[in-house]
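Just below is one structure, and these are the notes that go with it.
Note that ligands are numbered from 1 as they come in the structure, with each ligand's atoms numbered from 1 the same way. These figures come from a predicted structure and were not determined experimentally. What's counted below: heavy atoms across the whole structure, side chains too, no hydrogens, waters or symmetry copies. Positions are given from 1, in the same order as the sequence printed here.
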Amino acid sequence: MLPKVVVTLPIPDAAKQRLAEYCVLQCWDEADPIPTPLLRSWLQDSVGVLCSLGTSLPASVLADAKQLRVISTVSVGVDHIDVVAASRAGIAVGHTPGVLTDSTADLALALMLALSRRVLEGHRYVSSGDWTDGWSPDLLLGSDLSRARVGIVGLGPIGQAVAKRLRAFGSEIIAWNRTARAIDGVTMVDLDTLFMTADFVSLHVASTADTHHLVSRDRLAQMKHGATLINTARGALVDEQALTDALASGRLYAGLDVYQTEPLPADSPLLGLDNVVLLPHVGSATAKTRNAMMALAIDNLMAGLNQQPLPACCNPAG
Ligand code: DGY
């Protein structure tokens, strides 16, 4: 009998066909996340699950999934999964590191440039028909990324890819990492120095209990007047209320791709601010990268079903 696999995100037909040769699929094809009670019941007799960020897999759900051997998420982040509980239950957890590094780093740079060169304000000015005076010497003056000091929080693969791009811009690059790293053109500093002296602070650490609200009200207060926070990592890294207050006071700018609650609630005060650029969690959203993520996630799933080592596993069970 073929093993059962639950798929909780819409996946391409070709991927479904490939998987259907090896397992019986139970697919949740809606855009909304699968309701937890339904997921819990579907997982009762499943050997594998292919999921993404919108599917929360806490210990309480895993406890009922007695036959589960592999969780494969189409994401590098695994904060939606209780990895410790999975490891304890002998469930391998696969994810998709590496393949989205460049796309995510590109988006961090896109946000830096959008903020420093006031791209959205310019777009709104032109598209609203307000641009009637021609070239003007002081219209929408911004700042140069090439002259900026950029602080990178977290020098994993994505943080390093951001540093590589900033080197080409000629920015001064400072960084903090839990363990010091020797990276060409990057000066390692402590977090206080980073937050107090950077013109841009860009976040590239995983969301864990240790990094929850790493950007606290106090850290935001340390940032220079007029500095910009870039977050393409996870919303939980930032005290969003404190950030909203700092933005509303006009002291800081921000470029955000991720939020405490996703999708961003329609009544979020962030929506009314014009010193922020907001994106809908699209750091890895290029066609090639999403294909590569799906391919790696399916490879992880298949390896887990076959009780082989996963190509990209984030826990000892794999
Ligand atoms: C990830 O992979 O963790 C991203 O946030 C989604 O692409």
For this session: Report the residue from Arg147, Lys224, Arg149 that forms a salt bridge (Lys or Arg N to Asp or Glu O under 4.0 Å) with Asp199.
Result: Lys224

Problem set entry | Thr193-Asp190 side chain donor-acceptor pair, cut-off 3.5 Å | yes

Exercise. Regarding Lys66 and Gln44, is there a side-chain donor-to-acceptor distance under 3.5 Å anywhere?
Worked result: no

Problem set entry | Close-range residues for ligand 1, whose non-hydrogen atoms fall below the 4.0 Å threshold | Leu53, Ser75, Val76, Gly77, Leu100, Arg234, His281, Ser284, Met293

Exercise. Without hydrogens or angle criteria, can the side chains of Asp102 and Thr104 be said to hold a donor-acceptor pair below 3.5 Å?
Worked result: no

For this session: Answer yes if the side chains of Thr55 and His80 hold a donor-acceptor pair under 3.5 Å, and no otherwise.
Result: no

For this session: Return yes when atom NZ of Lys164 has more than 12 non-hydrogen atoms of other residues, nucleotides or ligands closer than 6.0 Å, and no otherwise.
Result: no

